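In what follows, chains carry the letters A, B, and so on, assigned in the order in which the sequence lines appear, proteins first and then strands, with residues in each chain numbered from 1. If you're wondering where the values come from, they're calculated on a predicted model, not measured in any experiment.
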Protein chains: 2
Amino acid sequence: MTTNNAYEADMTERRWPGQETGKPGFLRPPSMARPADECRHSPLPPLMPSIHDVAAMAGVSIKTVSRVVNKAPNVSAELRERVTAAIRQLGYRPNQSARRLAGGRSFMIAFLYNNPAPSYNGGIQSGAANRCRDLGYHLVVEPMPLAGEDRFAILDRLVAALRPDGVFLVPPLSDDARLLQRLSELKLPCARIAGSVMAESFNIPTPERAAGRMVADHLIGLGHCRIGVITPPASHKAAMQRVEGFRDGLLAAGLPIDDALFMEGAFDFESGIRAGERLLAEVRRPTAIFATNDDMALGALTVAHRLKLSVPEDLSVVGFDDTPAGLTAWPPLTTVSQPLEAMGSAVIDALAGSSADSPQFTFRLIQRGSSGPAAV
Amino acid sequence: MTTNNAYEADMTERRWPGQETGKPGFLRPPSMARPADECRHSPLPPLMPSIHDVAAMAGVSIKTVSRVVNKAPNVSAELRERVTAAIRQLGYRPNQSARRLAGGRSFMIAFLYNNPAPSYNGGIQSGAANRCRDLGYHLVVEPMPLAGEDRFAILDRLVAALRPDGVFLVPPLSDDARLLQRLSELKLPCARIAGSVMAESFNIPTPERAAGRMVADHLIGLGHCRIGVITPPASHKAAMQRVEGFRDGLLAAGLPIDDALFMEGAFDFESGIRAGERLLAEVRRPTAIFATNDDMALGALTVAHRLKLSVPEDLSVVGFDDTPAGLTAWPPLTTVSQPLEAMGSAVIDALAGSSADSPQFTFRLIQRGSSGPAAV
DNA sequence: GTCCGAAAAGACAACGTTGTCATGCTCTCC
DNA sequence: GGAGAGCATGACAACGTTGTCTTTTCGGAC
C-alpha cells in the first residue's frame, strides 16, 4: 500500500465516532490515552509523573527540576539533592515528545540501511542500539531502497515526522552521493561507516586495505602464488579497498599481478558461483581464491564441491565479513571479522559527540578450515 | 557505560556554556535547532511548515487543518480541498512530537528482540518497518537480554521516554511470561509472533505444527523410516510444535517413535554438531535428520562431512527457517521457509488495527540438495 | 551599612498539535 | 415561522518540556 501521495501516506487511518468498523484495532484509543491525568491529584503517586510532580514534591520550580535533569550549572547542592531524591522516589522520566517540542532535540537517531547481509546490519544495529540506550537516545530503523526517487520521499517523511538528532548510514548507502547531499541539505548531522565518497558528513573509516593485505599475506604465507580474487561491485567503494590491499601484498611478495585472476562479483552467492566457475576453469587453475565477502566465498566453495575439489587441499578459499554462514559452511570458512558492535557503538558516539577521538578499528583474520598450504 | 541509576542513565551529557571540552560533538547544538522560525515570516516558504502556515495559506483555522489531516468527518468538500492544496504546496508534515504531546499517541512501535538469528530478526523487522512506513508509524528497535532484571529497566525506560503506541515481540521473547506481564501492567498494546504462553496480549499464530508434519511427509515420502530429530530447547515453545507435527507424520505413516532418535539442541550450530554426533553414533544409524532450525541442521551436516558421509546419499538433512547459511551450505539445505516480511507486516497491522482478520501464514518446504531418497 | 556582581531560582512564553466546547448556519418538521 | 437537530467551523486551553528574562539571594569589598 505504498502510495506516492506523500501527504496521504503519512497519516494513519483512524476511526471516528459514527464510523463503525467491526474490528476495534489494538492500539489504545485516543480518549483513554492519558491515564496519568487521573493520578495527578490522587494520593497515589502518579503513574507517569511529570516535571510538575517532581517540582511539587521537592518544593521547587519546574525550571529547577529541568536544570537538574539536564545537568545545567548553577543549582545549589541542596536543591539538586532534593530534586534528585524526588525524581528517584517518583520514578520520573522526562517525556521525550515534550522535550523535543520545546527544546528542538528529538533524542532519536535514524539508522538507514540497505545492506542485504542481515548479520552485518544486525551487528551494527545491536551495537548502536545499546550505545543509544546508554546515552538516552533511541534508534529508529529505516530500510531504504538502493536507488530510485522513493528513498528521498522516505527520508523526507522520516525527517519531517521525527526530526531525528542524527542519521547514520552503512555501506553501500554510505556512498550514495545523492542521499548524502539530501541529508546535508536537510542540515542533518550524519555519520557513515566505511564511506569513501567525499562528503561533508562524518565518516568512520575502517581498515579495509590493511585487511586485504592481511589476507594476501596469509595466503602467500601458505605458499600460494596463483590466487583468484572475486572483487566487489564497483559501487562498493569501501570493499574495493580490500582488493587494493590484496594487490599491495602481491607486490610486496614480488608476485605477478594477473588481471585474468580478478573477477567482478555482485556481493551475493550467485555471483560468487559464476566467478568461481570462471576462475576454476582457467587453464592454470589458481590454488586459492580470495572473495571480498563471505557470500561470494561460499559461492566459490560450492563450485569447488561441485567440481569435487578438496578444500583446502586442492583449493583454499578466504572470505570477508565473518558471517554466520561462513562458520557453518564445510569446511568452515577462513575470513576476516569486523568488530561490528563496536563500530555501531562508535557511530553513535560520533553523532552524540561523546567520544574523545576518531575511533580505530582492527579487522581480524579468522583462520578456519577453508585455507591451507598450497599443493606442491 | 551502563549504569544502574535509572535516572542518570536516561539523560544525555550536554555541554553548557563555560564547560569547554575539546570536541564539539556532532549534533546540532540546541541554539540553532529551530531553523523553521527564521522562515516563518519570510517570503520564502517555510522549511518545516507548521499547521499554522497551512491554515494561513488556506484561510482557515488550524483546527480545520487538523481535521483534514486526521480525516475527521464534518469538513466541507471545499475547505478540505483548499487545505489539501495548501498542505501539498507547502509540503506540510505534522510534527510527531507535538501530536504525541497533544493527542496521546506517539506513532512509535517498539520492536523487542533477542533472537540471535539475524536473518530472522532482519526479515521480520524489514516487513514491520515497511508496514509502519505505510501507516505513518515508526519502528524503534530495542535488543533485550533474555533474562535478568535488566530487561525490566530497559522496558521501563523505553516506555517512559517514548510511550510507544505498541510493542511487539518475537520468539523467544514472545514466551517470556514476566515480560508479558510487565507489558500488561504498563497497559501497552502488545503483539507477539508465535507465542505459545497464554497471555492477554495479541498473538500471531504460525503453522509450526503443520510445517513439522510437512517435513515428516517429505522425508517419509523419500523412503526414510529411521529419522533423527534435533529438538529445540524447552523454552522455545513455538518451535516445539514442529516436533509435534513431525510426530504426527510418523504416526500417520505407521512408523515407530523411537525416543533415542530425539536429541535436544540449543538452537545453535555447536549443539547441532553435538546432537548430530550422538545421532550418527547410533548402532542403527538414522538415514535422515530433521533439525528444528537451520543452524542445528548445519551442525549435523558438518558432522556428516567429518564422518565422510555423502549427503544426501548416505544421510538426508532437513532444517527449518531458510536462513542464508542454509542456502550457501554444501549441499544446499532442504528447509522450511517462513514468510518473515509478511509476518512482520501483519504484526503492525494487528497493532494498528488496520487489518480485517487474524492473518494466516503458510510455511513452505524448500527442497534442496541435502535431502534425497533413502539408501536401500 | 551599602553596594555590586555573580550565582541561584523562578515566572512565563514558546513549541505544534489535538480535545473540548462554543458558535453559527442550514435543514426539517410541525 | 419557530423549535430542534445536525453539520461546519473556530477559539482556546491543554500536553510537558526548554529558552529567555527577571527576580531574589548571597558574598565580599569598600
- Note on the structure: Residues at least two apart in sequence or cross-chain that pass side chain to side chain donor-acceptor pair (under 3.5 Å) with A/S76, listed by chain then number, are none
- Message: With a cut-off of less than 4.0 Å, is there a side-chain N or O of A/N70 near OP1 or OP2 of D/dT18?
- Response: yes
- With a 4.0 Å cut-off, would you call B/R157 and B/E142 a salt bridge? no
- Starting from the C-alpha separation in whole Å, work towards a yes-or-no answer on side-chain contact (heavy atoms from CB on, under 4.5 Å) for A/L173 and A/L180. CA-CA 9 Å; A/L173 250 34; A/L180 290 170; over 6 Å; no
- Message: Does B/E185 form a salt bridge (Lys or Arg N to Asp or Glu O under 4.0 Å) with B/R178? I'd like the steps, not just the answer.
- Response: CA-CA 10 Å; B/E185 281 166 19; B/R178 290 191 56 205; over 6 Å; no
- Message: With a 4.0 Å cut-off on N to O distance, would you call A/D156 and A/R182 a salt bridge?
- Response: yes
- Task: Find the distance A/Q96:CD to D/dT17:P and express it as a whole number of Å.
- Result: 9 Å
- Item | Residues which pass side chain to side chain donor-acceptor pair (under 3.5 Å) with A/D176, listed by chain and number, not counting sequence neighbours | A/R151
- Message: Please encode protein proximity along nucleotides 4-10 of chain C as a string of B, S and -, counting only heavy-atom distances under 4.0 Å.
- Response: ----SBB
- Query: With sequence neighbours left out, what residues match B/Y113 under ring-ring contact (aromatic ring centres under 6.0 Å, His included)?
  - Reply: B/F111
- Would you mind reading off the distance between B/H52 atom NE2 and C/dA14 atom P, rounded to a whole angstrom? 11 Å
- In whole angstroms, how far is the P atom of D/dC12 from the CD1 atom of B/I51? 16 Å
- Message: Tell me the interatomic distance from B/I87, atom CD1, to C/dG16, atom P, rounded to whole angstroms.
- Response: 16 Å
- To the nearest Å, how far apart are B/Y92 OH and C/dG16 P? 10 Å
- Could you tell me the separation between the CG atom of B/L162 and the C1' atom of D/dC15, rounded to a whole number of Å? 16 Å
- Message: Can you measure B/R100 atom CZ to C/dC15 atom C1' for me and round it to whole angstrom units?
- Response: 15 Å
- Task: Report the nucleotide, chosen from D/dG16, D/dT18, C/dG16, that has the shortest atom-to-atom distance to any side-chain atom of A/S66.
- Result: D/dT18
- Message: How bent is the helix from C/dG1-D/dC30 to C/dC30-D/dG1, measuring the angle between the end axes built from five pairs each, rounded to 10°?
- Response: 50°
- Query: From A/I348 CD1 over to A/D134 CG, what is the distance, rounded to the nearest 0.5 angstrom?
  - Reply: 10.5 Å
- Message: Tell me the interatomic distance from A/F107, atom CZ, to D/dT18, atom P, rounded to whole angstroms.
- Response: 7 Å
- With sequence neighbours excluded, residues passing side-chain contact (heavy atoms from CB on, under 4.5 Å) with B/N74: none
